[in-house]
Amino acid sequence: MSAIVTRFAPSPTGYLHLGHAYSGLFAYEAARKVGGRFILRIEDIDPIRCKPEFTEAILNDLCWLGLDWQEPVRKQSEHLADYAIALIKLRELGVLYPCFCTRSEIAEEAARAGHAPHGLEGTIYPGTCRALSHEQQKENLEQDKAANWRLDIAKSLRITGPLHWHDRAQGEVIARPEDFGDVVLARKDVPTSYHLSVTVDDHLQGVTLVTRGEDLSRATDIHRLLQSLLGYETPDYHHHPLMLDGTGRRFAKRDHSLTLRHLRESGETPEKMRLRLTI
Ligand code: GLU
């Protein structure tokens with residue numbers, strides 16, 4: 001059996017908090033205890049929300065916590081060409097289409113249809129641009145109209161057939177990517193997306209066990225579909241429960257008092273913190 005490769009993939013949109021520490025340690029320990037490899041990836045494709053100073057702080061905080069990882073750290077913003085290659089492949093399969101709708105047009109269209117079906121990421125895209133002819137698509141693109149590139153889920157599933165994936169906590173899971181509607185894989189402003197980058201990177205980095213919070217469990221349905229379309233192997237998954245604060249709420253980056261930075265400044269030691277998180 002090949003060695004286990006796990007990863008921690010934070011987005012540098014703020015300081016790491018206790019929830020991240022748990023998730024990072026979870027991935028780290030899953031590799032360490034079986035002599036595997038642990039990778040750190042910085043998911044910084046959003047140029048507005050991601051800041052280099054948070055990347056620095058993440059590396060610093062994780063070192064303080066006692067994690068070490070295989071260099072180099074992959075920063076997604078430096079690998080847009082890899083996502084472009086995957087997009088070309090999907091276009092060749094005929095499962096991508098340009099969408100010229102604005103947010104308000106999507107909301108209006110959904111309301112006109114008399115219902116606004118809610119998917120796992122908000123309103124399900126009503127499919128307006130899926131119906132555009134090649135000529136209309138070409139005309140819009142030639143006029144430099146900004147497009148989001150969406151994945152035609154129904155067409156994709158016709159190619160792949162039914163899919164499932166394995167989770168160490170949930171067992172065998174049937175993928176239902178249709179619950180998301182036609183997700184955006186490349187945005188008007190950023191030529192990729194969370195779903196695409198994460199799938200491409202886990203493949204290129206040889207990740208064999210994806211660990212992350214259970215809030216991202218359903219996103220795996222989309223990733224599984226992309227893996228199948230792109231001819232990638234499917235890793236094993238382990239979605240772990242999220243840490244909750246004293247009031248039962250999820251930790252958020254806005255809770256300054258729970259950031260590793262703050263806890264460390266208030267005298268917390270990495271040893272105490274690791275015990276507290278009991279991985
Ligand atoms: N970058 C994502 C986040 O910070 C995690 C992605 C993943 O683990 O798949 O929430």
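Counting convention: from 1, in listed order, for ligands and their atoms alike. We number each residue from 1, following the sequence as shown.
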Practice prompt. Specify side chain, backbone, both or neither for F8, according to which of its non-hydrogen atoms lie closer than 4.0 Å to ligand 1.
Written response: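 The answer is neither; F8 stays 4.0 Å or more away.
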
Between the side chains of [X] and [Y], does any donor sit under 3.5 Å from an acceptor?
X    : Y    : value
H239 : R212 : yes
D46  : Y194 : no
Q205 : R7   : no
E214 : S217 : no

Worksheet item: Is it true that R7 lies under 4.0 Å from ligand 1, counting heavy atoms only?
Response: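 Per 4.0 Å heavy-atom rule, R7 contacts ligand 1.
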
Worksheet item: Based purely on interatomic distance, does P10 place a nitrogen or oxygen under 3.5 Å from a nitrogen or oxygen of ligand 1?
Response: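 No; the residue has no nitrogen or oxygen that sits under 3.5 Å from a nitrogen or oxygen of the ligand.
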
Discussion item. Starting from W64, can I reach F8 by hopping between I/L/V/M/F/W/Y residues whose side chains sit under 4.5 Å apart?
Written reply: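 The answer is yes; both residues are in one hydrophobic cluster.
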
Worksheet item: Can you list the atoms of ligand 1 that are under 4.0 Å from a heavy atom of V198?
Response: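 Result: 9 (O).
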
Discussion item. With heavy-atom distances below 4.0 Å as the criterion, list the atoms of ligand 1 near E43.
Written reply: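 Going through ligand 1 atom by atom, the ones under 4.0 Å from E43 are 1 (N), 2 (C), 5 (C), 6 (C).
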
